[in-house]
Peer 1: 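Handing you a structure now.
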Amino acid sequence: MCSSDLIGGVDFSIHGSAPPVPADPEMLKMVFHNLLINAVHAMNDRGRVDIDLKSDARWARVAVRDSGPGVPPEIREKIFIPFFTTKKKGSGLGLPTTKRFVEAHDGRISIQSPPSGGTTVTIELPRH
């Protein structure tokens, strides 16, 4: 599956598929809401967000990749700490809450941000 939509100045693209996972839908809604909001804010409401869905026998994976400037290493170490934020109006609770919800489902979250820019947040949730 591949779909693409332009919302405001951001082009969203979804690739692949993954099976349903046993999870609380409201918690996962907040996880992906937080990730997408952060991606859009990182790009100042202009750019591209690619969402890649994959799975294997054990994990369903969702990777959210933005075309923003990336996250410097010194900040990357702090982004899951409650109340840490680089935003003027941010609470610093979005990513810590996202991590907590993912881990509540025995899942994993990782962040890659190469020096060339862009950030990919990968969520892995157990299929069973």
Side-chain angles (χ1 to χ4, degrees):
M1 173 180 113
C2 176
S3 78
S4 181
D5 287 306
L6 186 65
I7 300 172
V10 178
D11 183 27
F12 289 90
S13 182
I14 302 171
H15 304 275
S17 65
V21 295
D24 181 308
E26 289 303 311
M27 286 178 124
L28 289 187
K29 182 178 174 181
M30 287 299 302
V31 163
F32 295 111
H33 174 83
N34 286 339
L35 293 181
L36 293 172
I37 291 295
N38 279 354
V40 169
H41 287 171
M43 300 181 303
N44 293 317
D45 301 327
R46 295 240 176 268
R48 180 174 182 83
V49 174
D50 291 302
I51 302 164
D52 295 313
L53 306 166
K54 296 179 181 175
S55 66
D56 60 26
R58 186 160 180 220
W59 299 98
R61 291 179 183 83
V62 180
V64 178
R65 183 175 55 250
D66 69 54
S67 62
V71 181
E74 64 275 7
I75 292 175
R76 203 172 316 140
E77 297 171 7
K78 300 175 186 175
I79 60 177
F80 292 120
I81 297 172
F83 306 109
F84 174 80
T85 184
T86 59
K87 300 175 187 175
K88 289 181 182 178
K89 294 185 179 182
S91 68
L93 293 174
L95 286 174
T97 300
T98 295
K99 183 177 190 229
R100 193 179 74 217
F101 285 178
V102 168
E103 290 175 348
H105 289 88
D106 296 321
R108 305 181 293 211
I109 183 170
S110 63
I111 296 180
Q112 294 81 38
S113 192
S116 59
T119 299
T120 302
V121 179
T122 302
I123 303 291
E124 297 177 299
L125 296 169
R127 292 188 52 195
H128 306 286

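From a predicted model like this one, the values you see are computed outputs, not experimental measurements.
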Peer 1: May I ask you to say whether K54 pairs ionically with D52, meaning some side-chain N is under 4.0 Å from a carboxylate O?
Peer 2: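 No, K54 and D52 are not salt-bridged.
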Peer 1: Using the rule side-chain contact (heavy atoms from CB on, under 4.5 Å), only one of V71, L35, N38, V64 pairs with T119; which is it?
Peer 2: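 Among V71, L35, N38, V64, the one that satisfies the side-chain contact (heavy atoms from CB on, under 4.5 Å) with T119 is V71.
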Peer 1: Compare all side-chain heavy atoms of P82 with those of L93 and state whether any distance is below 4.5 angstrom.
Peer 2: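 Contact flag for P82/L93 side chains = yes.
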Peer 1: Heavy atoms, side chains only, cut-off 4.5 Å: are W59 and R108 in contact?
Peer 2: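 In contact.
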Peer 1: Please round to the nearest 0.5 Å and tell me the distance separating atom NE2 of H41 and atom OG1 of T86.
Peer 2: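 Between H41 NE2 and T86 OG1, I get 11.0 Å after rounding to 0.5 Å.
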Peer 1: Let me confirm one number: the NZ-OG1 distance from K78 to T85, rounded to the nearest 0.5 Å.
Peer 2: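 So the gap between those two atoms works out to 12.5 Å.
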Peer 1: Output yes when a side-chain donor or acceptor of R127 lies under 3.5 Å from a complementary backbone atom of D56, and no otherwise.
Peer 2: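 Side chain of R127 to backbone of D56, a donor-acceptor pair under 3.5 Å: yes, one is there.
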Peer 1: Has the side chain of N34 got a donor or acceptor atom that lies under 3.5 Å from a matching backbone atom of L95?
Peer 2: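 A pair under 3.5 Å: no.
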Peer 1: How many angstroms lie between atom CD of E77 and atom CD1 of I111, to the nearest 0.5 angstrom?
Peer 2: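 If we round to the nearest 0.5 Å, E77:CD and I111:CD1 are 12.0 Å apart.
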Peer 1: Flag yes if I37 and F32 sit in one hydrophobic cluster, no otherwise; membership is Ile, Leu, Val, Met, Phe, Trp, Tyr, and two members link when side-chain heavy atoms are under 4.5 Å apart.
Peer 2: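 Not linked; separate clusters.
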Peer 1: Are any side-chain N or O atoms of H15 and backbone N or O atoms of L53, one a donor and one an acceptor, separated by less than 3.5 Å?
Peer 2: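 No; judged by distance alone, with no hydrogens or angles, the pair does not exist.
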Peer 1: To the nearest 0.5 Å, tell me how far M43 CE sits from D66 CG.
Peer 2: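 The CE atom of M43 sits 5.5 Å away from the CG atom of D66.
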Peer 1: Establish, from distance only, whether the side-chain atoms of E124 and T122 form a donor-acceptor pair under 3.5 Å.
Peer 2: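 Per modelled atom types, E124 and T122 side chains form no pair under 3.5 Å.
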Peer 1: Does the R76 side chain pair with the main chain of S113, one donor and one acceptor, at a distance under 3.5 Å?
Peer 2: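 Yes; at least one donor-acceptor contact below 3.5 Å.
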Peer 1: Could you check whether any side-chain heavy atom of V121 comes within less than 4.5 Å of a side-chain heavy atom of T98, counting everything from C-beta outward?
Peer 2: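 V121 vs T98: side chains apart.
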Peer 1: Is the side chain of S91 donor-acceptor paired with the backbone N or O of F83 at a distance under 3.5 Å, no angle test?
Peer 2: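 No, the answer is negative, given that no donor and acceptor are paired below the 3.5 Å cut-off.
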Peer 1: Ignoring hydrogens and geometry, is there a side-chain-to-backbone donor-acceptor pair from N44 to R46 under 3.5 Å?
Peer 2: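 Between the backbone of R46 and the side chain of N44 there is no qualifying donor-acceptor contact (under 3.5 Å).
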